[in-house]
J.: 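Take this structure, written in structure tokens, and hold onto it; I'll ask about it next.
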Amino acid sequence: MENMIKKIVDADNEAKAMEVVTLKEKEELSKKIKDETKSIYDKYMSNAIETVKRNDINEEKKAEKQWQEIQNKQKSVNIKLQSDYEHNCDKWVDMIVKRTLE
């Protein structure tokens, strides 16, 4: 009988020891999973930030190119208008005066 009780107590102690080991392994695995999750998240965010930076640079280049094209068109139109004015100024003045006096 004592032998049975001793076996039961030993089995209980062994089960408690296994529970402690299992809980410790669970905590270690949880920590490992948390660390890996953070690592994956950090890597993803780092890649995303780099992608955004590259896109920003590309968009800035496109915007600068469009701005230069607009400025060049504006200069071209300004030159054309100035040329038209210089060639037709007297004619336009005469037309305005004539229409006003009629």
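Computed from heavy atoms alone, side chains included, the values below leave out hydrogens, waters and symmetry copies.
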J.: Do side-chain atoms of N88 reach the backbone of D84 as a donor and acceptor pair under 3.5 angstrom?
T.: yes
J.: Just verifying a value: how many Å separate E25 CD and M18 CE, rounded to the nearest 0.5 Å?
T.: 9.5 Å
J.: Is N72 close to E69 at the side-chain level, that is, under 4.5 Å between some pair of heavy atoms?
T.: no
J.: Is the number of heavy atoms from other residues, nucleotides or ligands within 6.0 Å of CG (D90) greater than 12?
T.: no
J.: Is there a salt bridge (Lys or Arg N to Asp or Glu O under 4.0 Å) between D35 and K31 once you walk through the steps?
T.: CA-CA 6 Å; D35 291 344; K31 184 179 183 300; 3.2 Å; yes
J.: With the threshold set at 4.0 Å, does a side-chain nitrogen-carboxylate oxygen contact exist between E102 and R99?
T.: no
J.: Could you grab the distance from atom CD1 of I8 to atom CG of N13, nearest 0.5 Å is fine?
T.: 12.0 Å
J.: Between CD of Q82 and SG of C89, what distance do you get to the nearest 0.5 Å?
T.: 10.0 Å
J.: If you measure from CD1 on I33 to NZ on K26, what distance do you get to the nearest 0.5 Å?
T.: 10.5 Å
J.: Decide yes or no for R54 and I57: does some side-chain heavy atom of the first lie under 4.5 Å from some side-chain heavy atom of the second?
T.: no
J.: Backbone N or O of I79 within a donor-acceptor pair of the S83 side chain at under 3.5 Å?
T.: no
J.: Are L101 and V93 linked, directly or through other ILVMFWY residues, by side chains that come within less than 4.5 angstrom of each other?
T.: yes
J.: Do other residues, nucleotides or ligands put more than 12 heavy atoms under 6.0 Å from E86 CD?
T.: yes
J.: Below 4.5 Å, heavy atoms only, C-beta onward: do W92 and V97 meet side chain to side chain?
T.: no
J.: Is the closest basic N to carboxylate O distance between D42 and K38 below 4.0 Å?
T.: yes
J.: In sequence, state the C-alpha distance, the side-chain angles, and the governing distance for D10 and E14, and then conclude on side-chain contact (heavy atoms from CB on, under 4.5 Å).
T.: CA-CA 6 Å; D10 287 345; E14 190 176 319; 6.0 Å; no
J.: Supply the atom-to-atom distance D12 CG to I5 CD1, rounded to the nearest 0.5 angstrom.
T.: 13.0 Å
J.: For the CH2 atom of W67 and the CD1 atom of I70, what is their distance to the nearest 0.5 Å?
T.: 7.0 Å
J.: Would you sort out whether E59 and K62 count as a salt bridge (Lys or Arg N to Asp or Glu O under 4.0 Å), showing the intermediate values?
T.: CA-CA 5 Å; E59 290 301 318; K62 284 181 187 177; 3.8 Å; yes
J.: Answer yes or no: is there a side-chain heavy-atom contact under 4.5 Å between K65 and Q68?
T.: no
